[in-house]
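Scroll down for the structure; my scribbles are underneath it.
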Protein chains: 2
Amino acid sequence: MVLDDVIDNLRQYVSLSQEEIKYFFESVTVCRFRKNKVLVERGQLNSPFIFIRKGCLMTFFTDEKDFKHVIQFGMDKWWTGDLNSFMNGEPSIYTIKAMADTEVLMLEKKSFEQLCQRHHAFEGYFRVLFQNSLVSHQKRIIRNISFTAEEKYLTFAKNHPKLELLIPQKYIASYLGITPEFLSMLRRKLAKRK
Amino acid sequence: MVLDDVIDNLRQYVSLSQEEIKYFFESVTVCRFRKNKVLVERGQLNSPFIFIRKGCLMTFFTDEKDFKHVIQFGMDKWWTGDLNSFMNGEPSIYTIKAMADTEVLMLEKKSFEQLCQRHHAFEGYFRVLFQNSLVSHQKRIIRNISFTAEEKYLTFAKNHPKLELLIPQKYIASYLGITPEFLSMLRRKLAKRK
DNA sequence: GTGATTTCTTAAGCTAGTTTAATAAATCAG
DNA sequence: CTGATTTATTAAACTAGCTTAAGAAATCAC
């Protein structure tokens, strides 16, 4: 019996036979990356869908003025990747970088499709995964359009205490859509208030 | 042979037998709403998943200060709804309102689950639907954190010319996360520039 | 068609958040 | 351990976007 975090995760949503578990592991590749290593370059084709076993990944977008905007942090037991590039074969618009030594499972599109086709359970799993992710993306949009910088920061710090410690502040600022200088100022103000 | 926009839409992603089409129509309820009618109230349980056949729906969130924030507009051939409420049985955090006379197909959670269980094709369809929606939500987040108000507005106007005409400006402002006064000012500035 | 209500515009004053720049602190490479 | 590089802090000047308020235009109900 193969035990693994990813299987625990899958089993939260669907039930899997031994055969299906075996097939899943045949479909993915285990990779390890050192801190600061870039996993997915902007412009890359065939970008994979990635399950983070352990570590931390950061996904960011580089605009025309060469500014970097952090789109997502990924931690243990999260899936990440450029979904559009993965699904539609287009070049990745994001860069994905390891923020700590990280171990991942990489799933290629072909394997993903076979997985979904052959075993109904996986299709169901990914449906639920996307559906949940959609709910949290919607919540983030609400925060984006209705929260002040302070509220955004406090919510982030409360929801992701581990990231708050692990990630350099300037990236957190970028994720929140504010400047690092202003975040620094906010933190000072909040610390005084206590 | 039943022909319908919703079937066209489903068939863009998966192939369906006559039996599956029949079963789909047994699973949904056709409803019509006059302009300004509220379809889903905040706090409502069992909120449905909604396919818009014709018309326009607006989804908004009401905060503690009683401000309304527009989360989404939905037009012909779009699915909409409070996904969290629909999937997890929680009270809806959104209000959904008709912005024009609108005809929809309503899908209840129970029917949704039966649909997915009995016919693999529907599970696949919703997986792709959520996946595509996720991609556009991510793009919206990029715009939120990296665009100026002017860039946000221009992108919206370019991508949704029909909505731009149909929807009162104050709701568009809300959707973009800016005040109606500022949008008005922007539009004047842009009109002069031409 | 008319009065009532909602939406849009305009403008002045304001503030949350940015920009720039310089210094301090922390981390990294060898 | 040391110099080099990256990250964080601080502060002053600035600006994009907000608030308030009042009038104009459009839409709605009857």
Side-chain angles (χ1 to χ4, degrees), chain A residues 33-38 56 58 60 63 65-70 73 95 97-101 143-157 163-194, chain B residues 33-38 56 58 60 63 65-70 73 95 97-101 143-157 163-194:
Chain A
F33 298 94
R34 292 234 157 259
K35 184 171 174 178
N36 292 324
K37 176 79 188 173
V38 170
C56 181
M58 177 173 87
F60 61 91
D63 70 19
K65 292 157 213 144
D66 215 48
F67 274 99
K68 291 163 178 51
H69 303 277
V70 176
F73 298 112
T95 309
K97 192 175 160 181
M99 301 306 286
D101 291 355
R143 277 178 257 135
N144 279 339
I145 67 179
S146 69
F147 278 22
T148 62
E150 184 176 322
E151 290 168 328
K152 287 178 202 172
Y153 169 65
L154 288 173
T155 307
F156 178 84
L163 285 172
E164 160 100 77
L165 293 172
L166 180 65
I167 303 280
Q169 269 182 47
K170 60 174 192 166
Y171 298 124
I172 295 176
S174 171
Y175 176 83
L176 299 175
I178 62 179
T179 57
E181 293 83 358
F182 192 63
L183 178 55
S184 176
M185 215 209 64
L186 269 180
R187 282 168 52 91
R188 179 169 43 132
K189 202 183 73 180
L190 290 166
K192 269 187 198 161
R193 201 182 286 176
K194 277 178 191 169
Chain B
F33 298 94
R34 293 233 156 260
K35 184 171 173 176
N36 293 324
K37 175 80 187 171
V38 170
C56 181
M58 178 173 86
F60 62 91
D63 70 18
K65 291 156 213 145
D66 215 50
F67 274 99
K68 292 165 176 49
H69 303 277
V70 176
F73 299 112
T95 309
K97 192 175 160 180
M99 300 306 286
D101 292 354
R143 278 178 256 135
N144 278 337
I145 67 179
S146 69
F147 279 21
T148 61
E150 184 176 322
E151 290 168 328
K152 286 178 202 173
Y153 168 67
L154 288 174
T155 308
F156 178 85
L163 285 172
E164 161 100 75
L165 294 172
L166 179 66
I167 303 281
Q169 269 182 49
K170 60 173 192 164
Y171 298 124
I172 295 176
S174 172
Y175 176 84
L176 300 175
I178 62 180
T179 57
E181 293 84 357
F182 192 63
L183 178 55
S184 176
M185 215 209 65
L186 269 181
R187 281 169 53 91
R188 180 169 43 131
K189 202 184 71 179
L190 290 167
K192 270 187 197 163
R193 200 182 289 175
K194 276 179 191 168

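All of these numbers come straight from a predicted model, not from anything done at the bench. Within every chain, numbering begins at 1; the chains are lettered A, B, ... in the order of the sequence lines, protein sequences first and strands thereafter.
In this structure, NZ of B:K152 is placed 7 Å from P of D:dG17, rounded to the nearest angstrom. Put simply, OH on B:Y153 is 15 Å from P on D:dG17, counting in whole angstrom units. Residue B:N36 contributes atom CG, which lies 13 Å from atom C1' of D:dA29 at whole-angstrom precision. Taking atom CG on B:L166 and atom P on D:dT27, their separation rounds to 12 Å, with Å as the unit. Between the NZ atom of A:K189 and the P atom of D:dT9 there is a distance of 15 Å, given to the nearest Å. In this structure, A:I145 places its CD1 atom 15 Å from P of D:dG17, rounding to the nearest Å. Look at CD on A:Q169: it is 13 Å from C1' on D:dT10, rounded to the nearest Å. Atom pair B:H69:NE2 and D:dC18:C1' shows a separation of 14 Å (rounding to whole Å applied).
The two residues B:F33 and B:K37 come nearest to each other via the heavy atoms CD2-CG, 3.6 Å. Counting all heavy atoms, side chain and backbone alike, A:I145 lies closest to B:G177 at CB-CA, 3.9 Å.
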Below 3.5 Å, can you tabulate the donor-acceptor pairs from side chains in residues 164-175 of chain A to any protein atom, sequence neighbours excluded?
residue: A:E164; atom: OE1; partner: A:Y153; partner atom: OH; Å: 3.2
residue: A:E164; atom: OE2; partner: A:Y153; partner atom: OH; Å: 3.2
residue: A:E164; atom: OE2; partner: A:R187; partner atom: NH1; Å: 3.1
residue: A:S174; atom: OG; partner: A:K68; partner atom: O; Å: 3.4
residue: A:S174; atom: OG; partner: A:V70; partner atom: N; Å: 2.8

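In this model, the phosphate group of D:dA16 is not approached by any side-chain N or O of B:T148 to a distance below 4.0 Å at OP1 or OP2. When the side-chain nitrogen and oxygen atoms of A:R188 are compared with OP1 and OP2 of D:dT10, one or more of them lie within a distance under 4.0 Å.
Among the heavy atoms of the strands lying under 4.0 Å from B:K35 are primed sugar atoms or P, OP1, OP2 only; no base atom is included.
When distances are taken from the side chain of B:A149 to each of D:dG17, D:dA8, D:dA11, the shortest belongs to D:dG17. In this structure, the nucleotide among D:dT10, D:dA8, D:dC18 sitting nearest to the side chain of A:K170 is D:dA8.
Rounded to the nearest 0.5 Å, atoms CD (A:E150) and OG1 (A:T155) are 10.0 Å apart.
The backbone N or O of B:K35 lies less than 3.5 Å from a partner atom in the side chain of B:D101, making a donor-acceptor pair.
Between B:F156 and B:L163 there is a side-chain heavy-atom pair separated by less than 4.5 Å. Considering only heavy atoms from C-beta on, A:K189 stays 4.5 Å or farther from A:K192 through its side chain.
Between A:F182 and B:F67, the residue anchored nearer the 5' end of DNA chain D, judged by the nucleotide with its closest heavy atom, is A:F182. Each of A:E181 and A:F147 has a nearest nucleotide on DNA chain C; the 5'-most of these lies closest to A:F147. Residue A:L183 is the one, among A:L183 and B:G177, whose nearest nucleotide of DNA chain D lies closer to the 5' end (criterion: closest heavy atom).
Of all nucleotides in DNA chain C, those with any atom nearer than 4.0 Å to a heavy atom of chain B start and finish, going 5' to 3', at C:dT7 to C:dA11.
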